[in-house]
Amino acid sequence: MPKIKSYTPAWLLPPTPGHDLFAPDQNDASSYTSKSFSKSFPRRTLARRGTEVFIAVGKEIRWADLVYLKERWEEKQTKARGGPRFKREESVSPSDDELLSESIENGCAEGFRTITTSVGSDILQLAISPYANFIAVVTSHTIRILLLPDSSHLTAPSLDAIKPKSWTLAPTTHVMDRSPIASAIWHPLGVNGSALVTVTKDAVVRVWEVSQKDRWSFDQPTLTIDLQKLASGTSLDQNFAASPDVTNKGFSPDSFEMEVAAACFAGRGSGGWSPMTLWIAMREGDVYALCPLLPELWAPPPTLIPSLSISIVGNLAALEDDPNVSELTKLLAQQQLDWMSDLDKQEPRVVEGPPGETPTEVYTRPTKPGVVPRLQGPFDIELSPESEDDLDTELTDIFAIGQKLDTDELMMGEDEELEMEDIEGEGLSLSIICLLSSSGQLRVCLDMDGVQAQWLPPRNRLKTMGRLAGSPSLLTFQSMDILTSLEVTEDAWPMFSSDVTSRYSFFITHPSSITHISLSPWVFRLESELQGDSQAGSEFRIDLLVKGQSSTRERLYTNTAQPDSQLPLAASVAIRDPDLGYFLLSATPFDPIAVIFDTPDDEFALIRPASPTYEKDAEIKPMDFYEPRPVYQPSHNFDQNSSLPLLLNQLRTGRHKTVIAQEVRLSPLTLQLFTEAHKLLSDETLRLGEAASEVFRRCVQLQVELKQQVNKANEVRARVEAVTGEDQDEASEPETNNALIERRLQDAKDRGEALSQRIEKMRKTVSKATSRELSDKEKAWVNEVTVLDNNLFGSTIPADGPSKLKQTRKRYEEIIRLRDELVEEAEKLGATASEGGEENLSTSTTDLRIPSELRKAKINQVKRLIERETALVDAVRLRLERLSTVG
């Protein structure tokens with residue numbers, strides 16, 4: 001979890017050139033309100049190329065280098081500190097325009113430029129190609145592809161706007177009278193990052209392969225798929241292209257249930273079929289997948305085709321040996337083999353990559369078994385939390401994390417090791433699909449079955465195969481709410497943003513907050529359980545993993561404004577650079593929002609040569625007893641000009657200009673004019689009142705925060721004085737340093753002993769409350785007791801018992817026999833005595849007299865046997881009682 005170091009730095013605050021990048025023009029600023037923005041589109045108006053950022057403001061793009069802006073600001077601050085400290089009251093500081101003109105005259109650029117675009121409406125999305133040579137400028141209905149200029153224009157001594165070479169994508173398809181654009185994403189397997197995939201809200205997917213040398217590539221897509229037709233398709237021979245008819249279509253359930261919210265690909269370095277799988281999320285909550293979706297020319301990574309070949313061949317071999325496999329499964333496996341065979345017959349063409357990139361091998365999209373894949377879905381979301389709120393099921397974005405590349409299977413039998421980045425070879429062997437709803441509910445799902453390439457059956461096998469039955473599923477591993485109940489609004493559009501530190505962490509941007517999510521606490525533990533050899537106790541450990549360790553969630557930024565007056569935030573962009581550090585950037589339509597994190601110690605560390613005489617100096621860092629807080633920026637409503645003068649100018653030049661120059665008279669026209677002015681002024685005064693109340697609340701909060709800072713400073717001072725010994729009373733005698741150290745050591749020992757006692761007490765409590773498995777000796781002893789019980793009280797003697805136990809049984813039977821004989825003899829004696837009377841008693845006793853030695857020996861033998869068996873039974877009873885207490 002990243003630790004926040006600070007918020008928006010000073011070089012992005014007004015009045016600096018960094019802040020001007022995000023501020024709208026004064027002429028258009030009055031039209032920016034919380035209610036004027038589109039509520040049915042995501043705002044991805046930030047994009048980056050290294051440390052260069054592109055910000056869409058209205059219909060233009062601001063371009064700047066953050067490192068250059070930071071260095072220029074630091075230079076100005078250094079010069080300002082070196083100048084005179086006091087100024088006369090009459091002196092006026094130069095304006096920004098004067099400073100800019102002076103810097104241009106001196107040949108020093110400011111590090112930012114403006115890029116003009118030929119778009120008809122406000123820019124909603126910016127998407128930079130994987131090799132940063134193109135940028136897709138997306139409005140609600142149109143797309144413009146710009147060729148990114150070279151970075152040298154930022155340092156040129158000029159502030160003129162740049163108009164780079166650009167092309168309109170699909171001038172007859174993506175137009176205002178067609179369906180709006182839901183997503184525009186660059187295909188990860190495109191040749192030199194030149195393949196663009198567009199998905200409209202009416203569920204039409206188009207693949208474009210743009211090229212500077214071929215203007216026709218911007219007019220017609222290489223592949224068009226209508227998902228509504230594909231969902232009801234039955235064979236490969238059907239036409240699934242979108243209809244060219246532009247007339248309004250009638251209502252159908254598919255047009256409502258298959259309204260696209262977002263689409264995404266997994267990373268290029270993912271394993272399996274993940275890089276060519278397009279995941280599509282619908283507004284009504286359904287999830288679909290298209291695999292394989294490829295451009296006509298595509299450039300796979302070096303490990304992709306070998307890994308797929310091994311997987312396809314191994315799967316087909318396993319199915320041939322299984323007699324219970326269905327015909328449909330065999331057909332899909334055979335289609336995958338035909339696809340791979342078509343690919344193996346090709347001779348790849350080597351294409352030079354952009355500067356700094358290695359040459360890539362380019363393949364042609366296989367035509368067997370077909371170009372259009374089968375639409376997999378809708379996926380059954382298993383174990384999904386039930387909710388009656390429609391906002392919980394209304395999806396806004398989707399984020400796919402592909403499975404890791406299985407290098408062990410790929411390099412089996414090879415002596416050489418595969419060189420690859422650590423981020424590609426680590427992680428989970430399952431794909432993770434994250435779904436985000438309008439209410440801020442995040443669902444983390446696992447693709448347990450694994451999405452593979454699938455096609456519809458051919459027409460000649462349609463009757464034998466029948467209708468494709470069954471739907472794939474996703475297992476909901478975790479569900480969490482990112483927002484509170486007070487922050488949920490119907491018109492909000494939460495969005496995902498990837499992180500640069502790990503592919504298993506991401507950011508969620510909402511108008512009320514920015515949240516960081518990390519899946520690392522359970523991903524690697526789950527992978528170790530899935531790949532482990534020991535099956536004993538795995539179910540128990542996985543259950544503990546699901547119930548215990550969960551994803552980490554941290555709120556990075558919170559908008560303190562009321563939900564009704566909150567402005568939308570642009571999707572966050574994460575940057576990691578030695579000069580900037582770990583940097584997160586977002587923006588409102590008026591101000592930037594930045595979060596600076598602590599950089600991990602293992603990154604950007606200075607490597608020094610080992611030396612016997614060199615001792616590494618300990619880096620002394622300040623104590624972090626403060627809590628970083630965002631810098632308060634006054635509301636933009638204070639800086640906006642009133643629209644009343646504009647209304648008066650319109651009235652003076654309109655048809656009612658004669659009424660303005662006359663005296664006020666009571667008439668319907670006067671009432672109408674006053675009503676329009678009242679609506680305008682009431683809206684402006686309401687915004688000013690909310691801004692003023694926000695200032696008052698922040699002033700009250702400032703007092704509370706200042707008090708907290710003072711208390712924390714006092715705590716730190718007390719700790720420092722306790723360490724240095726300055727916390728002693730003046731009246732008492734001061735302790736020496738040795739005595740102070742000994743007292744602290746003794747206190748530490750006492751605390752350690754107290755902790756040890758608590759741990760021992762807790763261990764005893766836990767051992768009593770939980771049961772443990774019996775050891776081998778205890779199990780053997782229990783078996784011995786059981787056999788002894790059967791020998792003593794059972795009807796038969798077991799043949800497999802120990803010899804000692806058999807002897808115990810014999811001794812026990814002998815005791816029983818002697819007891820029966822004694823009882824029988826006693827009964828006989830009693831009967832004789834009763835028949836003969838008292839007279840014959842002495843005679844009979846003298847006749848039946850037994851020697852005293854024999855009688856005593858027999859009685860002692862019986863007593864010893866009885867005592868021995870009694871002691872044995874008591875010992876067995878005590879051991880059984882102790883075992884029942886431990887269990």
Side-chain angles (χ1 to χ4, degrees), residues 14-15 19-20 22-41 43 45 56-60 95 97 119-124 139-142 176-177 180 248 486 489-493 511-512 559-569 587-591 632-700:
H19 181 270
D20 296 339
F22 303 85
D25 294 335
Q26 293 296 329
N27 299 329
D28 300 333
S30 59
S31 62
Y32 285 85
T33 61
S34 60
K35 299 180 181 180
S36 63
F37 294 98
S38 177
K39 300 178 181 180
S40 58
F41 295 94
R43 290 190 73 250
T45 56
V57 181
K59 300 178 182 180
E60 65 181 16
S95 62
D97 296 337
V119 294
S121 58
D122 291 343
I123 301 173
L124 299 178
T139 64
S140 60
H141 291 78
T142 62
M176 296 299 295
D177 57 351
N248 294 329
L486 298 178
T489 55
E490 296 182 359
D491 56 352
W493 195 286
S512 63
N559 190 355
T560 58
Q562 298 297 326
D564 296 338
S565 60
Q566 288 177 352
L567 294 171
L569 292 180
T588 67
F590 299 93
D591 302 297
Y632 172 67
Q633 294 293 330
S635 176
H636 61 276
N637 294 312
F638 292 130
D639 300 328
Q640 290 184 3
N641 298 325
S642 176
S643 301
L644 186 59
L646 181 61
L647 177 62
L648 293 177
N649 292 333
Q650 292 177 356
L651 293 176
R652 289 191 182 98
T653 57
R655 56 181 180 145
H656 304 304
K657 59 183 179 180
T658 57
V659 181
I660 302 300
Q662 297 177 359
E663 296 180 357
V664 177
R665 296 181 181 180
L666 299 179
S667 63
L669 179 58
T670 304
L671 179 61
Q672 179 183 355
L673 296 178
F674 272 92
T675 303
E676 294 178 359
H678 180 268
K679 290 180 181 179
L680 185 63
L681 290 177
S682 62
D683 188 20
E684 293 181 353
T685 53
L686 176 62
R687 295 200 302 266
L688 288 175
E690 292 176 350
S693 62
E694 178 65 21
V695 172
F696 176 78
R697 286 193 298 268
R698 293 305 297 260
C699 290
V700 175

Using 0.5 Å steps for rounding, measure from the [atom1] atom of [X] to the [atom2] atom of [Y].
{"X": "Leu647", "Y": "Ser642", "atom1": "CG", "atom2": "OG", "answer": "9.0 Å"}
{"X": "Glu676", "Y": "Leu681", "atom1": "CD", "atom2": "CG", "answer": "12.0 Å"}
{"X": "Ser693", "Y": "Leu688", "atom1": "OG", "atom2": "CG", "answer": "10.5 Å"}
{"X": "Thr685", "Y": "Asn637", "atom1": "OG1", "atom2": "CG", "answer": "11.0 Å"}
{"X": "Glu684", "Y": "Asn641", "atom1": "CD", "atom2": "CG", "answer": "9.5 Å"}
{"X": "Leu671", "Y": "His678", "atom1": "CG", "atom2": "NE2", "answer": "11.5 Å"}

Exercise for review: Might you confirm whether atom CZ of Phe674 has over 12 heavy atoms from other residues, nucleotides or ligands at distances under 6.0 Å?
Suggested key: no

Closest non-hydrogen atom pair, [X] against [Y]:
{"X": "Pro589", "Y": "Leu567", "answer": "CD-CB, 4.0 Å"}
{"X": "His19", "Y": "Phe590", "answer": "NE2-O, 3.8 Å"}
{"X": "Lys59", "Y": "Gly120", "answer": "NZ-O, 3.4 Å"}
{"X": "Pro511", "Y": "Asn559", "answer": "O-ND2, 3.4 Å"}
{"X": "Thr139", "Y": "Ser121", "answer": "CB-OG, 3.4 Å"}
{"X": "Val57", "Y": "Pro24", "answer": "CG1-CA, 3.8 Å"}

Can you confirm whether [X] sits close enough to [Y] that some side-chain heavy atom of one is under 4.5 Å from a side-chain heavy atom of the other?
{"X": "Thr675", "Y": "Gln672", "answer": "no"}
{"X": "Ser635", "Y": "Arg687", "answer": "no"}
{"X": "Thr588", "Y": "Phe22", "answer": "no"}

Review point. Is it true that Glu694 and Arg697 have a side-chain N and a carboxylate O under 4.0 angstrom from each other?
Key: yes

Please answer whether the main-chain N or O of [Y] pairs with a side-chain N or O of [X] as donor and acceptor at a distance below 3.5 Å.
{"X": "Ser643", "Y": "Leu646", "value": "no"}
{"X": "Asp683", "Y": "Lys679", "value": "no"}
{"X": "Thr670", "Y": "Arg665", "value": "yes"}

